[in-house]
Engineer: 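Just passing along the structure, written as structure tokens.
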Number of protein chains: 2
Amino acid sequence: MSMETDTLPVHLPPDLADGVFPAGCPSRTVLDHITSKWGVLVLVALTEGEHRWSELRRRADGISEKMLAQTLKTLERDGLVLRKSQPVIPPRVDYSLTDRGQELSALLVPLVTWAYDNADSILKGQR
Amino acid sequence: MSMETDTLPVHLPPDLADGVFPAGCPSRTVLDHITSKWGVLVLVALTEGEHRWSELRRRADGISEKMLAQTLKTLERDGLVLRKSQPVIPPRVDYSLTDRGQELSALLVPLVTWAYDNADSILKGQR
DNA sequence: GACATATCTTACCAAAAGGTATGTACCTTA
DNA sequence: TAAGGTACATACCTTTTGGTAAGATATGTC
């Protein structure tokens, strides 16, 4: 059922049957990574360029070391974040976005900006 | 520290000190709602118009009734989803996006589309 | 009277996420 | 000798999330 005429300007991938992302679909896994609480913050923190571990801890305010490590590992495995470690003492490691990461952050930044702009109004429960 | 010349085309809200979203910030709460696993799927499911409970269950494939109820309640409280219930037997309830919800989904759809397009390549671990 | 329908709610339990605290490595500075 | 800086890893425990299954509802249908 359904064969809606398009009334809205926003569209899903056309090759997606009935607009349903199946439960086991790979896109679900990726979506979980990139919309994870800390994933978003870290990706956004890196939009303005390279940052070190301690800078990321400050920027993703409230993140624990454990979560930062875990999040960075996932994002690196996904090819979104690039890790450059220099064999110096004390250690120095710089994190940055890959091309793919930048592509993504270009979509994420408008989202967090929207959240930032609308947060007060939303939580007060009116418009 | 920092006074970076802008090398990237993407920018955060300018009134945001050093690009840090503080931990207690209202935008964090909103961000958690709209980037939640099921929140995203439900919002996206509604981009193509009004849907009933049972249709949403199909579209947000894998969601449990409990989670659907909970997610819809949060999104309704946030003024993103509109609930229209008709006092008939059996009950009929239609869900749709509010204006604010449409604003948001316009940002969310590109994100899930990106995830869909890049998922295979990402999970294989190369580009 | 039993059953089906559609939209939920609730209680209970398992799984996952995440915090805290501690440890490691190596060099520098006091 | 001791303490401190930097980037982690690991074990343990708590909190949150989420699934399953059952029940509630009010009617019409067999």
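Just so it is clear: chains get the letters A, B, ... in the order the sequence lines come, proteins before strands, and each one is counted from 1.
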Engineer: Considering only C:dT9, D:dC8, C:dG19, which nucleotide approaches the side chain of A:R83 most closely?
Structural biologist: D:dC8
Engineer: Just to be sure I understand the rule, does A:S54 reach a base, reach only the sugar-phosphate, or reach nothing, if contact means heavy atoms closer than 4.0 Å?
Structural biologist: sugar-phosphate
Engineer: Which residue, A:V40, A:T47, A:D117, A:L43, forms the side chain to side chain contact (heavy atoms under 4.5 Å, CB included) with A:V112?
Structural biologist: A:V40
Engineer: Starting from P on C:dA11, measure out to CE on B:M67 and report it in whole angstrom.
Structural biologist: 15 Å
Engineer: What are the two closest non-hydrogen atoms of A:V30 and B:A119, and how far apart are they?
Structural biologist: CG2-CA, 3.7 Å
Engineer: It should be established whether A:R52 places a side-chain nitrogen or oxygen under 4.0 Å from OP1 or OP2 of nucleotide D:dA7.
Structural biologist: yes
Engineer: Name the residue closer to the 5' end of DNA chain C, choosing between A:I89 and A:W38 according to the nucleotide with the nearest heavy atom.
Structural biologist: A:W38
Engineer: Using atom CG of B:L68 as one end and atom C1' of C:dC8 as the other, report the distance to the nearest whole Å.
Structural biologist: 10 Å
Engineer: Starting from P on D:dA9, measure out to CG on A:L72 and report it in whole angstrom.
Structural biologist: 10 Å
Engineer: CD/B:E50 to CD/B:E55 distance, rounded to the nearest 0.5 angstrom?
Structural biologist: 9.0 Å
Engineer: Please answer whether the main-chain N or O of A:G79 pairs with a side-chain N or O of A:T98 as donor and acceptor at a distance below 3.5 Å.
Structural biologist: yes
Engineer: Between A:P90 and A:A69, name the one whose nearest nucleotide on DNA chain D is closer to the 5' end.
Structural biologist: A:P90
Engineer: Answer with base, sugar-phosphate or nothing: what part of the nucleic acid does B:R57 contact at a heavy-atom distance below 4.0 Å?
Structural biologist: nothing
Engineer: Could you tell me how far apart A:D61 (CG) and C:dG18 (P) are, to the nearest whole angstrom?
Structural biologist: 16 Å
Engineer: Rounding to an integer number of Å, can you tell me how far A:Q86 CD sits from D:dT6 C1'?
Structural biologist: 13 Å
Engineer: Ignoring backbone atoms, test whether B:R92 places a side-chain nitrogen or oxygen under 4.0 Å from the OP1 or OP2 oxygen of C:dT7.
Structural biologist: no
Engineer: Quick one: on DNA chain D, does A:K66 or A:P91 contact a more 5' nucleotide (nearest heavy atom)?
Structural biologist: A:P91
Engineer: Rounded to the Å, how far apart are B:D94 CG and C:dA6 P?
Structural biologist: 13 Å
Engineer: Taking atom C1' of D:dG19 as reference, at what distance in whole Å does atom CD1 of B:I63 sit?
Structural biologist: 12 Å
Engineer: If you check every side-chain atom of A:K37, which of C:dC8, D:dG18, C:dG18 has the closest atom?
Structural biologist: C:dG18
Engineer: Nearest-Å distance, CD (A:E65) to P (D:dT6)?
Structural biologist: 12 Å
Engineer: Just checking, is any N or O donor in the side chain of B:R100 or A:S121 under 3.5 Å from an acceptor N or O on the other one?
Structural biologist: yes
Engineer: Under 4.0 Å between a side-chain N or O of A:Y95 and OP1 or OP2 of D:dC8?
Structural biologist: yes
Engineer: For D:dA9, take OP1 and OP2 only and decide whether either is under 4.0 Å from a side-chain N or O of A:K73.
Structural biologist: yes
